[in-house]
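Just so you know, ligand 1 is whichever comes first in the structure, and atom 1 is the first atom listed for that ligand. These values consider heavy atoms only, across backbone and side chains, with no hydrogens, waters or symmetry-generated copies. Index from 1, following the sequence.
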Amino acid sequence: MDVFELEEPIPSETNRQSPDQNVETFSFLTPLNPEQRMAVEHTEGPLLVLSGAGTGKTRVLTTRTAYIIEKHLAKPYQILAVTFTNKAANEMKLRLEQMIGSAAFSVWLGTFHAIGVKILRKYAEKVGLTSDFAILNTDDQVRLMKNILTEQGIDIKKYNPETILEIVERWKDKAFLPQEVSARERTTQLGSLAYDFYARYQSRLHLLNAVDFGDLLLLPIVLFRSNPDVLEEYQSKFRYILVDEYQDTNVAQYLLLRLLAQKWHNICCVGDDDQSIYSWRGAEVDNILSFQKFYPDAAVIRLEKNYRSTAHILGAASGLISHNEARLGKTLKPAHEKAEKGYKVLVKGFWNGMQEAEWIATQIESSRKRGNSLSETAVLVRATVQTRLFEDAFRKEGIPYKIIGGFKFYEREEIKDAVAYLRLILNSNDDLAFLRVVNKPKRGVGTKALEAISATAREKKISLFDAVAWAPLKGTVRQTLDDFISLIKSARQKAETALLPETARFVLEESGYLRMWESEKSPEADGRIENIEELYNVLHEYENIRDFIEYASLVTDTDDVADEDQLVVMTLHASKGLEFQNVYLAGWEEELFPHKKAIDEQGAEGLEEERRLAYVGLTRAKDRAIITYANNRKIYGHWVNALPSRFIDELPRDHIETDSGRKSFASLQPAWQNKQFYFKNNDDETSIFDKGQWKRENFHKESDDFYNPPSVKVYQTKETGSRLGKRVHHEIFGFGTVIHAEGERLDVRFDSGEIKKIMARFLEEA
Ligand code: ATP
Ligand code: MG
């Protein structure tokens, strides 16, 4: 790819004057380096900023927006800026406000989905919807697909509705309408089934006046293609288009951008092919790799200075990613203020996942005691199953934390219920919301009653909500449903004058919904009530139900925000674009990271995507990156032997220091409490790296049981029978009694009450 040709040599940063003395300079330009400044000032024509992590791409986009406005090249509302998450959009808005004041709020700034909704609300009827269409959440989608499949006599045990939905979603990512799905996509049985049901699913959505997430991109494309006048309106409007994280756009997003940019051609995309991590959700890294093919007159600017991380972190990340073949290749240099090498990346092994989590918790707690803010630290995991151990460890240490990604607030049952109540108050035609709450809490509404209501609704062509009055219902069901309907109606009335949290509180209390959780004496139930309280807090920020619902429908799993002094635990996927002083990268083990599924399903490509994920993780760290792994991990209830990730092998030695828990197990425990231990250089350790490879095979053979701490004495008794009932001691689990013996495998009931299967040689006689 050609690099943008600079017409004049770039003056060195220190003695640089304004590039053009006749042009006024803006203070927000001053901190930029010459390449960044070039990217800001090169406003006309397509531009790609292709560069590695932390080189200021996002900063360039924000500054560029300010520059366009302040130079009067366009009004704020004539600029479209697209970010990857709502959170990133909010951050950009704030930065922009700092630069140019309230004009920042008129810029069309948001995720593709948010922009899609905005356009669709205005022109809903042109795609067969009304402007108050509902946006389905994943749950609704699955339920809908399930209904359609069952109605057609498909066995949903054999054909999982979620799998079919996923195929449909990938088609939507590619902007295929049902009739556009190619024969090639339908060759498999599932593919052809999904094809059959795609059209049905769409028409059902239509009937419900609803859209799903994919439609928020697909329908604007449909709208533009069939209404040239509407397209013209937006093409003329958006004089400048700016896109962050371009490497993770999908085909539908690409098409949308192409349509919108057709008139002015002022499209600036920034991204990093090494950070493309969403192919499993339909992202096409080709969008960035082929930018110049799509826009032949495009300029390309590369930024090389990384302002985020120390030289060691960058060295480790660059060395790792160089193992990928499919990449453009970029250089990353630390900016001068980061040129001090800083700490090496620490690689540390543990006996099991629990110890890993506890050690990390202790480190974080002691850093907090030294006065460091928790929000400067993040723990990044590959899979959400890893987070529970951290929750336990942080709770034990009393560290406030928040889990982001995968555990979406708005996907919790109680929140979905509460939101469904609000949706129904807003719009009685929202049949899905009706179905969600009509019998929650239990109102004795069974299948029969529901069938009667549905039949009436179909016959009269009215909503389920309105059909209640007409349906042939008797006795208590009639009574409770009438009460339910009038409750919703009075809540609707209340909403006209009351504040949003009051309306919500009213409906959740009067309906008996809160009581339902209060009377359930499980620990989760308390958490649910707390979550609902939290929802009231959120509601305070919205003027009316409509605005809130719009917001809630667009929140994605990466948007959850952490409070000021809270530690965040998040998936690597969710960490994209963010930065933290200290980053713990936990669970670097084969099968977990790289994740088995990625390799099983996508082979070499899957592995490369996992490696990019590792690169994203490492480059989130400003000062310290700590990689940890465990030798034993409990996954879905089973202990598995884990091998250190191959990515650890691939880190260049010069930039890391190692500390293998396995080697030094016996001495490790006291060392954890010793804060000195933390970033100490383990010069005395003959590192496993000295042996070249990790020697995974040997490693594997040695640790053939999950509980075999390397330093325990061997339980020598020869005869199986005589072991039964014996008191034994285990390094980790303490004292216990053998309750079952099968060859070398013993079942031991430890004094803690836990029963574990343990190889005899890892026990000693007590
Ligand atoms: P990523 O690829 O991770 O999204 P990015 O390329 O978008 O990274 P930014 O987040 O924009 O990078 O910038 C990384 C950090 O460097 C931020 O803290 C930013 O404020 C800082 N930074 C960027 N450019 C400069 C500069 N010229 N001088 C000082 N700091 C800078
Ligand atoms: Mg960025």
Please identify which atoms of ligand 1 are closer than 4.0 Å to at least one heavy atom of [X].
| X | answer |
| --- | --- |
| L32 | 27 (N) |
| P31 | 26 (C), 27 (N), 28 (N) |
| G56 | 5 (P), 6 (O), 9 (P), 11 (O), 12 (O), 13 (O), 23 (C) |
| G577 | 4 (O) |
| R620 | 3 (O) |
| E579 | 14 (C), 15 (C), 17 (C), 18 (O) |

So, 4.0 Å and heavy atoms of [X]: is ligand 1 close enough to count as a contact?
| X | value |
| --- | --- |
| D272 | no |
| T619 | no |
| K622 | no |

Structural part of [X] in contact with ligand 1, heavy atom criterion under 4.0 angstrom:
| X | value |
| --- | --- |
| K305 | neither |
| K576 | neither |
| T58 | both |

Query - Geometric cation-pi criterion, R624 with Y343: 6.0 Å, 45° - result: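 Judged by the rule, R624 and Y343 form a cation-pi pair.
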Report task. May I ask you to establish whether K576 and F84 are in a cation-pi arrangement, using a distance under 6.0 Å from NZ or CZ to the six-membered ring centre and at most 45° from the ring axis? Result ->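 Yes, a cation-pi geometry.
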Query raised in the report: Which of the listed options, R308, Q36, Q247, holds the heavy atom that is closest to atom 10 (O) of ligand 1?
Result: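 Of the listed residues, R308 has the closest heavy atom.
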Requested in this report: Ignoring hydrogens, just give me the one of R95, R59, Q275 whose non-hydrogen atom is nearest atom 20 (O) of ligand 1.
Outcome: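 Comparing heavy atoms across R95, R59, Q275, the nearest one to atom 20 (O) of ligand 1 lies in R59.
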Report task. Describe, in one word, how the ring planes of F394 and Y401 are oriented to each other, choosing from parallel (under 30°), tilted (30 to 60°) and perpendicular (over 60°). Result ->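 Ring orientation, 0 to 90° scale: tilted.
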Query raised in the report: In terms of side-chain geometry, is the basic nitrogen of R646 or E590 positioned less than 4.0 Å from the acidic oxygen of its partner?
Result: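 Result for this pair is yes, salt bridge flagged.
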Query raised in the report: Does K597 have any side-chain hydrogen bond (donor to acceptor under 3.5 Å, both in side chains) partners at least two apart in sequence or in another chain, and if so, which?
Result: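 For K597, no residue satisfies side-chain hydrogen bond (donor to acceptor under 3.5 Å, both in side chains) once neighbours in sequence are set aside.
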Query raised in the report: Y254 pairs by ring pair (Phe, Tyr, Trp, His ring centres under 6.0 Å) with which of F112, Y295, F294?
Result: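 Only one option passes, and that is F294.
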Report task. May I have the step-by-step check of ring pair (Phe, Tyr, Trp, His ring centres under 6.0 Å) for F593 and W588, ending in yes or no? Result -> CA-CA 5 Å; F593 192 42; W588 280 41; 5.3 Å; yes
Requested in this report: Could you tell me whether the side chains of S645 and E589 share a donor-acceptor contact shorter than 3.5 Å?
Outcome: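 Per modelled atom types, S645 and E589 side chains form no pair under 3.5 Å.
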Report task. Could you check D215 against K172 for salt bridge (charged side-chain N to carboxylate O under 4.0 Å, His left out), going step by step and ending with a plain yes or no? Result -> CA-CA 7 Å; D215 286 343; K172 287 190 178 183; 2.7 Å; yes
